[in-house]
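These numbers were taken from a predicted model, which means no experiment stands behind them. Remember, it's 1-based here, ligands and their atoms both numbered in the order they're listed.
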Amino acid sequence: MERQTVIPLRERNIILIGFMGAGKTTIGQLVAKKLYRDFIDVDAEIERRHGMTIPEMFAQKGEAYFRQVERELIVDLCTNTRLKILSLGGGAYLQEDVRRACLAHGIVFFLDLSWEHWKEERLPLIVDSRPVLKNKTLEEVEQLFFQRQSAYALHHSRVIINELEAEQAADQIVQSIKWTWDVYEPNR
Ligand SMILES: Nc1ncnc2c1ncn2[C@@H]1O[C@H](COP(=O)(O)OP(=O)(O)O)[C@@H](O)[C@H]1O
Ligand SMILES: O=C(O)C1=C[C@@H](OP(=O)(O)O)[C@@H](O)[C@H](O)C1
Ligand SMILES: [Mg+2]
């Protein structure tokens with residue numbers, strides 16, 4: 001049987017999940033700075049490794065190819081790295097292998113935002129840069145938003161970010177993670 005090493009909580013990657021535009025990239029960067037850790041944005045890492053933007057990859061290689069690349073990278077990062085802050089793309093966590101790797105090896109924070117807040121405040125900021133939103137009606141996007149919630153429900157911790165600025169959300173995550181470390185690993 002394969003031996004599984006248990007990673008101490010303090011060394012586990014902190015992984016941010018949630019719908020596109022929730023703030024995973026922005027907040028992940030801030031959390032990394034506050035904890036003096038390296039930050040990896042999975043989308044940016046894919047763009048760097050493949051020499052193309054995510055919209056270009058969707059257009060030239062198709063979504064299925066992007067999903068495979070995304071899955072393999074996340075499973076690799078979860079299995080082979082520690083002490084990182086990882087921000088996932090909003091669709092990554094729909095893949096079971098991704099969920100399993102994140103939950104087994106990392107500490108998963110769900111950035112939770114209501115549909116109303118998202119529609120009013122975030123949609124205008126991201127509508128032109130996310131290929132998944134292309135050619136969809138608002139009703140279709142709303143359906144996608146709610147379809148994805150059952151996957152995001154599988155997390156270790158949740159931050160409701162409706163009224164929070166990115167700095168405040170990052171502070172909450174840092175506070176919560178430090179509390180967890182102190183309670184479960186007080187002598188490390
Ligand atoms: N807490 C926040 N309040 C207001 N705007 C935010 C907040 N977090 C992120 N944003 C803005 O929302 C947009 C999407 O943020 P981003 O970090 O790229 O989200 P994601 O990585 O989840 O898609 C950006 O324009 C960013 O500046
Ligand atoms: O939700 C999705 O399917 C996607 C979200 C994007 O990341 P963000 O969640 O950081 O916007 C990016 O991975 C890609 O455009 C697909
Ligand atoms: Mg992002």
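Nearest protein heavy-atom contact of atom 15 (O) of ligand 2 is Pro131 CD, 3.6 Å. Of all protein heavy atoms, the one lying nearest to atom 6 (C) of ligand 2 is Asp43 OD2, 3.6 Å. Closest to atom 14 (C) of ligand 2 among all protein heavy atoms lies Ile54 CG2, 3.9 Å. Scanning the protein heavy atoms around atom 3 (O) of ligand 2, the nearest turns out to be Arg67 NH2, 2.7 Å.
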With a cut-off of 3.5 Å and sequence neighbours excluded, list every side-chain donor-acceptor pair involving residues 42-58.
residue: Glu45; atom: OE1; partner: Arg48; partner atom: NE; Å: 3.3
residue: Glu45; atom: OE2; partner: Arg48; partner atom: NH2; Å: 2.7
residue: Glu45; atom: OE2; partner: Arg49; partner atom: NE; Å: 2.8
residue: Glu45; atom: OE2; partner: Arg49; partner atom: NH2; Å: 3.3
residue: Glu47; atom: OE2; partner: Ile54; partner atom: N; Å: 2.9
residue: Thr53; atom: OG1; partner: Glu56; partner atom: N; Å: 3.1
residue: Glu56; atom: OE1; partner: Thr53; partner atom: N; Å: 2.9

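Below 4.0 Å from some heavy atom of Phe66 lie the following atoms of ligand 2, by number and element: 13 (O). Interface of Val132 with ligand 2, defined as ligand atoms under 4.0 Å from a residue heavy atom, comprises 2 (C), 3 (O), 16 (C). In the vicinity of Arg130, heavy-atom distances shorter than 4.0 Å reach the ligand 2 atoms 8 (P), 11 (O).
Ring-plane geometry between Phe145 and Phe19 is classed as perpendicular, the angle between the planes exceeding 60 degrees on a 0 to 90 degree scale with a lower cut at 30.
For a distance bound of 2.8 Å, the N, O or S atoms of Ser87 include none lying that close to the Mg ion (ligand 3).
Near ligand 1, residues Phe19, Met20, Gly21, Ala22, Gly23, Lys24, Thr25, Thr26, Arg122, Leu125, Ile126, Arg130, Leu164, Glu165, Ala166 each place a heavy atom inside the 4.0 Å sphere around the ligand atoms.
For the pair Gly18 and ligand 2, the shortest N or O to N or O distance does not fall below 3.5 Å. On a distance-only criterion, Gly91 and ligand 2 share at least one N/O pair closer than 3.5 Å.
When only modelled atom types and interatomic distance are considered, Gln68 and Glu72 share a side-chain donor-acceptor pair under 3.5 Å.
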